[in-house]
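Each chain gets a letter, A, B and so on, in the order the sequences are listed, and its residues count up from 1.
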Amino acid sequence: MDSSVASSSGAAATPEAAGTLDAALPKTYDPAGTEARWQAAWEQAGAFHPDPAAPGEPFSVVIPPPNVTGSLHMGHAFNTALIDTIVRFQRLQGKNVLCLPGTDHASIAVQTILEKQIKAEGANKDDLGRDAFFERAWAWKAQSGGTIVGQLRRLGYSVDWKRERFTLDPGLNKAVVEAFLRLHAQGLIYRGEYLVNWCPASGSAVSDLEVEMKEVEGSLWHLRYPLTPVEGEPIDHLVVATTRPETMLGDTGVAVNPSDPRYAHLVGRSITLPLVGRQIPIVADEHVDPAFGTGCVKVTPAHDPNDFAIGQRHGLPQITVMAKDGTTNEAAGRFAGLDRFEARKAVVAAMEAEGLLVKTEPHRHSVPYSDRGKVPVEPLLSTQWFVRTEPLAARCRTALDNPAGPEPRFVPERWSKVYRDWLTDIRDWCISRQLWWGHRIPAWFVVSETGGVITEATPYVVARDEAEAWAKAEAQFGAGAQLEQDPDVLDTWFSSGLWPFSTLGWPGEATAAGPGPGAAGEAPQEPADLATWYPTSVLVTGFDIIFFWVARMTMLAGAFLQEPAPDQPDSANPDAPARERPVGGRDSWIPFRDVYIHGLVRDENNRKMSKSAGNGIDPLLLIERYGADALRFALVREVAGAGQDIRLDYDRQTDTSATVEAARNFANKLFNATRFALMNLGGETPASLGEPVPAELESEDRWILSRLTRTSTQAAELYGSYRLGEAAKLLYEFAWNDLCDQYIEWAKPRLFGDDEAARTTARRVLARSLEALLVMLHPLMPHLSEDLWHAVTGAEASEFLALQRWPQPDPAWLDASHESAFQFGIDAVRSIRNLRALSGVKPAEKLPIGIHTPTAARQDFVIANQGKISRLVGASELHWEAEPTAGQLLGIVDSDAQVGLTVPPQSLDALRERLQKDLAKIEKEIAGLAGRLANPNFAGKAPPEVVAECQANLAEARAQAELVGGRLGELG
RNA sequence: GCCCGAUUAGCUCAGCGGUAGAGCGCCUGCCUUACAAGCAGGAUGUCGCUGGUUCGAAACCGGCAUCGGGCACCA
């Protein structure tokens, strides 16, 4: 006992880890100081910096790296809460857990922000130059990244900050270059001129995924195209309908459906394109819907994806009439130099002037918008780099069909369909961006071969660096070769797509320094982190980036991690137990075993929170008001239906949230429960008190230990299967209802009394239950639980709850029949309190109370717990006769027990009303049960145990009805 | 057009074959020596509509309605 007191005060003597509770014993929990203190302590101790050679089954998560575009919003806090709950739980399971943090350079988003800033300063990025721009971008990254990291720390994220990565840091650049080279060597990267989505706002190509279709109110212009005249032909023109009249300047054909009787005979004839005068052919193409518009389509292969395809099928020329800044070019003739929307007006006006505008109809249609630029994208012919996706997607589909189980496994499962569908009709991925902020494409053009300029035909070499490029170029093109590196950068998602392995050290030193992929004699030493933690255990992310990110990661992993990793003997720790992994390397190349997809955080009006909508909530505001633990608990608790969006209530006037406040109240409840324990454990700790001795346990001891055992099994199951919200609710109920409302109240007489032995038993049970609860809650409320755990256990400051083991209560404590026996006590107490309230007895007034039951076991229970029950119900004396004494006010617990008060019956009406209500309810139940039993089909077909239960319930209900009826009769 | 989700107490949501739950809010009473951020007691629902399966449906199946989301997209 004494030694434990010493260890408790020992913790208090270490200032940086002193439990809040040891000092002034405030009545309310103040999260701010506690949270900061433990965050610092964890980090200083390197608590979350795992060793790849350490024992324990590896468990790893790479966090979705937030964009360095400013600060974090509630969605990030949600994602963080979920991931940290999972990894902290797994750490408590004794696994070798790595949670790797980082941020994403967000090429186009950051460049857009910076260009806006520069523009506001009256300059543009070209004045600045590429190097200065880069410097500025890095400064921005430092600032925004710092803010983000600060926010993640404030949430208590148990990530390994020593392994923090940034998608544009040198190590990841090496991975990006290597990935590009290997894909190129595999024939999976090509360069060519295709119609791409051009964003005039950012001056870059974007991928299909970065285009968002928006419904807009536009117009459908019907234009008259005169046929080049032919003798005897009655039709002298066609009418085409278009939403983009300006593109007619680039028309190189008109298409009709081959089976359209109106026009079939005109196929092959030519048209004189108005305003331009070009002769263009009429072609027949299945794509044309005869029922839409006039059934004639103008074909502009250089400015529309469908027209591009038609043009390809019919060999039509591609005439680009638009420049990359969204203005018409010289090919637009007299319309050249106009902004595209001006050009539209000008063309329509000109057509009208020539009497060729048949009509203009209002027309609602979808227009492709650039996600980032927020302007309509322009389909434009452009030479870009592409990844050939089908072979990569095919591998992913095969993995998903793995007969041993889908890889990855989606939770909830329905998202695997979304993932598969996208991989099934996938288009090639345009990966080049005409931006500066990003990974420069590792390709050098041999410009000497094409007269010093870069064209589509310019040959190139891909290389790890300039020296290698020169070597390759000279070998291929001779010493006179002139090189120029491609000025473009790669799509951000190209580097994000490598995240689960690039952050773990892929491709490793030997390979990177080696002569090239597949070269002989190469003996790549797989990085230890990769060997231990790849594939990662689970990816936790929102459904909105399944295509952008999840699928890109699986596709790229398929290109690089197919080969089994070499066996890595555990040299640093030869005695370590064998890993649960196949000898010879990883069991899958898919970068994560599970993909846990969560919903979005919506605002109080059920709108998606987003920066652009301006309805985001700064997590820091709520953390400051309620604490990080409260915010985390609130977010996780809301997520019981996995994959469902969550709605966070929020009052923008006062920056308050009832949901988070409820979680804060729970934190305070735990704080006070622990405070109560500290005040009543007499300076002892769970360890110094020792195990509860079965023979000494009282009723509530056995009950709470059984509940604890049950809860610990259930909570582990829930956490382990990503049912985090359910775990949160379960523990909330155990803590508040079972431990605080029941156990502590029943145990108080012993804790406050002088019976040393009884007090010790109660202390043992209380200490053990509370400690186990704190461990179980740790994944959800890490700071509070860490703090309280230190206070309760007196653990050294250098020890952490975060690194303890999940509670292993003795299974022998599980006792369902005792749980229901004790439930009688709870129910009896409630019945008495109800009766007191009903009869208007003052809470402070003590009065004689009876519990009446003919059952011996229950009588024994009442006798054994007389003092406790008396205290709980405010009894001056407690009777336990089998039958009620005359003149008492009676309440029904169940058919086998009644409770009674001896008071002047001043509230008979209230009691009568209550009994009548009870009776009505019971009779309704009887009618239902009797009806069911009367149905011969039920008795014949329902399982016998259900029938028996039904009969038992009916008997119970009838007995209760009789009791209630009798009481009503007495009341008159 | 194709696919997915949701619809349960005033609000936010669990429950997903045995006859309805939680938190918040609400009503009543309590500063009971851990906690008023608390305690005790209480009220509150034709589980969207409609067929079907079943002895039995909030739950399973079909249709419908409303809301939300994704994909595709005809000029």
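- In this structure, CD of A:Glu638 is placed 15 Å from P of B:C11, rounded to the nearest angstrom.
- Of the candidate nucleotides B:A34, B:G41, B:G15, B:A34 has the atom nearest to the side chain of A:Phe752.
- Centroid-to-centroid, the aromatic rings of A:Tyr419 and A:Trp415 stay 6.0 Å apart or farther.
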>> Base contacts versus sugar-phosphate-only contacts with protein, heavy atoms under 4.0 Å: please encode nucleotides 1-7 of chain B as B, S and - from 5' to 3'.
In response: --SSSS-
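- Listed nucleotides B:G18, B:C35, B:C39 differ in distance to A:Arg675; the shortest reach to its side chain belongs to B:C35.
- No donor-acceptor pair under 3.5 Å is formed between the side chain of A:Asp304 and the backbone N or O of A:Thr300.
- For CG of A:Asp754, the number of neighbouring non-hydrogen atoms (other residues, nucleotides, ligands) closer than 6.0 Å is 12 at most.
- For A:Gln823, the side chain to side chain contact (heavy atoms under 4.5 Å, CB included) partners are A:Ile826, A:Asp827, not counting sequence neighbours.
- Using C1' as the reference atom, B:C60 and B:U54 are 10 Å apart when rounded to the nearest Å.
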> Would A:Thr674 and A:Tyr29 count as a side-chain contact (heavy atoms from CB on, under 4.5 Å) if you check the C-alpha gap in whole Å, the side-chain angles of each, and the deciding distance to 0.1 Å?
Replying inline: CA-CA 11 Å; A:Thr674 305; A:Tyr29 171 57; over 6 Å; no
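- Look at CD on A:Gln742: it is 12 Å from P on B:C39, rounded to the nearest Å.
- As rounded to whole Å, 11 Å separates atom P of B:G42 from atom CG of A:Leu835.
- The shortest distance between the side-chain N/O atoms of A:Lys748 and the OP1/OP2 oxygens of B:U33 is not below 4.0 Å.
- Atoms CD1 (A:Ile426) and C1' (B:A72) sit 15 Å apart, rounded to a whole Å.
- Place A:Lys842 and A:Lys921 on RNA chain B by their nearest nucleotides, and A:Lys842 ends up nearer the 5' end.
- Using a 4.0 Å heavy-atom distance criterion, A:Arg427 is classed as a sugar-phosphate-only contact.
- OP1 and OP2 of B:G38 both lie 4.0 Å or more from every side-chain N or O belonging to A:Asn672.
- With sequence neighbours excluded, no residue forms a ring pair (Phe, Tyr, Trp, His ring centres under 6.0 Å) with A:Tyr369.
- Comparing B:U46 with B:A20, their C1' atoms sit 14 Å apart, to the nearest whole Å.
- Residue contacts shown for A:Glu845 are absent, as no nucleic acid heavy atom lies under 4.0 Å away.
- Distance check on atom P: B:G21 versus B:G15 gives 15 Å, rounded to whole Å.
- For B:C61 and B:G17, the C1' atoms lie 13 Å apart once the distance is rounded to whole Å.
- Put simply, the side chain of A:Arg675 never gets that close to the backbone of A:Lys27: no donor and acceptor are under 3.5 Å apart.
- Of the candidates B:C30, B:G42, B:G15, the closest approach to any side-chain atom of A:Pro843 belongs to B:C30.
- Ring geometry for A:His598 against A:Phe78 counts as perpendicular: the plane angle is over 60°, on a 0 to 90° scale with 30° as the lower cut.
- Atom P of nucleotide B:A43 and atom CG of A:Asp918 are separated by 9 Å, given to the nearest angstrom.
- With sequence neighbours left out, the salt bridge (charged side-chain N to carboxylate O under 4.0 Å, His left out) criterion links A:Arg830 to no other residue.
- Across all strands, A:Asn668 comes closer than 4.0 Å to base atoms (heavy-atom distances).
- A:Val947 is linked by a side chain to side chain contact (heavy atoms under 4.5 Å, CB included) to A:Leu933, A:Phe938, A:Ala942, A:Gln951, counting only residues two or more places apart in sequence or in another chain.
- Rounded to the nearest Å, the gap between the P atom of B:A75 and that of B:A65 is 26 Å.
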> Reading nucleotides 20-26 of chain B 5' to 3', which nucleotides get B (base under 4.0 Å from a protein heavy atom), which S (sugar-phosphate only), which -?
Replying inline: --SS---
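- In terms of phosphate contacts, A:Arg830 brings no side-chain nitrogen or oxygen within less than 4.0 Å of OP1 or OP2 of B:A40.
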Show me the protein contacts with nucleotides 52-58 of chain B, counting only N or O atoms at under 3.5 Å.
{"from": "B:C55", "atom 1": "OP1", "to": "A:Lys941", "atom 2": "NZ", "distance (Å)": "2.7"}
{"from": "B:C55", "atom 1": "O4'", "to": "A:Asn937", "atom 2": "O", "distance (Å)": "3.3"}
{"from": "B:C55", "atom 1": "O2'", "to": "A:Asn935", "atom 2": "ND2", "distance (Å)": "3.0"}

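- Between A:Lys748 and A:Glu700 there is no salt bridge, since none of the side-chain N atoms of the basic residue sits less than 4.0 Å from a carboxylate O of the acidic one.
- Using P as the reference atom, B:U44 and B:G38 are 24 Å apart when rounded to the nearest Å.
- Within residues 282-301 of chain A, the residues that have a heavy atom under 4.0 Å from RNA chain B are, in order of number, A:Val288, A:Asp289, A:Phe292, A:Val297.
- Under the ring pair (Phe, Tyr, Trp, His ring centres under 6.0 Å) criterion, A:Tyr743 pairs with no residue, sequence neighbours left out.
- When the C1' atom is compared between B:C73 and B:A58, the two are found 38 Å apart, to the nearest whole Å.
- Shown here is A:Gln916, whose CD atom has more than 12 heavy atoms of other residues, nucleotides or ligands within 6.0 Å.
- The ring pair (Phe, Tyr, Trp, His ring centres under 6.0 Å) analysis of residues 290-311 of chain A, with sequence neighbours excluded, yields no pairs.
- Across the protein-nucleic acid pair, A:Leu678 atom CG and B:U33 atom P stand 19 Å apart, rounded to whole Å.
- Across all strands, A:Asp425 comes closer than 4.0 Å to no nucleic acid atom at all (heavy-atom distances).
- Within 4.0 Å of A:Thr243, counting heavy atoms only, lie sugar-phosphate atoms of the nucleic acid but no base atom.
- Under the ring pair (Phe, Tyr, Trp, His ring centres under 6.0 Å) criterion, A:Tyr626 pairs with no residue, sequence neighbours left out.
- Not one N or O on the side chain of A:Arg224 forms a donor-acceptor pair closer than 3.5 Å with the backbone of A:Pro274.
- Closest contact between the side chain of A:His363 and the listed nucleotides B:A75, B:A34, B:C30 involves B:A75.
- On a pure distance criterion of 3.5 Å, no polar donor-acceptor pair joins the side chain of A:Lys27 and the base of B:C35.
- Between A:Val240 and A:Val254, some side-chain heavy-atom pair lies under the 4.5 Å cut-off.
- When each of B:G69, B:A40, B:A34 is scored by its nearest atom to the side-chain atoms of A:Arg833, the top-ranked nucleotide is B:A40.
- One N or O on the side chain of A:Glu35 and one on the backbone of A:Asp629 form a donor-acceptor pair closer than 3.5 Å.
- In RNA chain B, runs of at least 3 stacked Watson-Crick or G-U pairs (N1-N3 plus N6-O4 or O6-N4, or N1-O2 plus O6-N3, all under 3.5 Å) give these stems: B:1-7 with B:65-71, B:10-13 with B:21-24, B:26-30 with B:38-42, B:48-52 with B:60-64.
- A:Phe547 comes within contact range of the sugar-phosphate backbone alone, with a heavy-atom separation under 4.0 Å but no base atom that close.
- Nucleotides B:C27 and B:G10 have their P atoms positioned 15 Å apart, rounded to a whole Å.
- One interatomic measurement links the two molecules: CZ of A:Arg647 to P of B:G68, which rounds to 12 Å at whole-angstrom precision.
- Between A:Leu838 atom CG and B:A43 atom C1' there is a gap of 14 Å when expressed in whole angstrom units.
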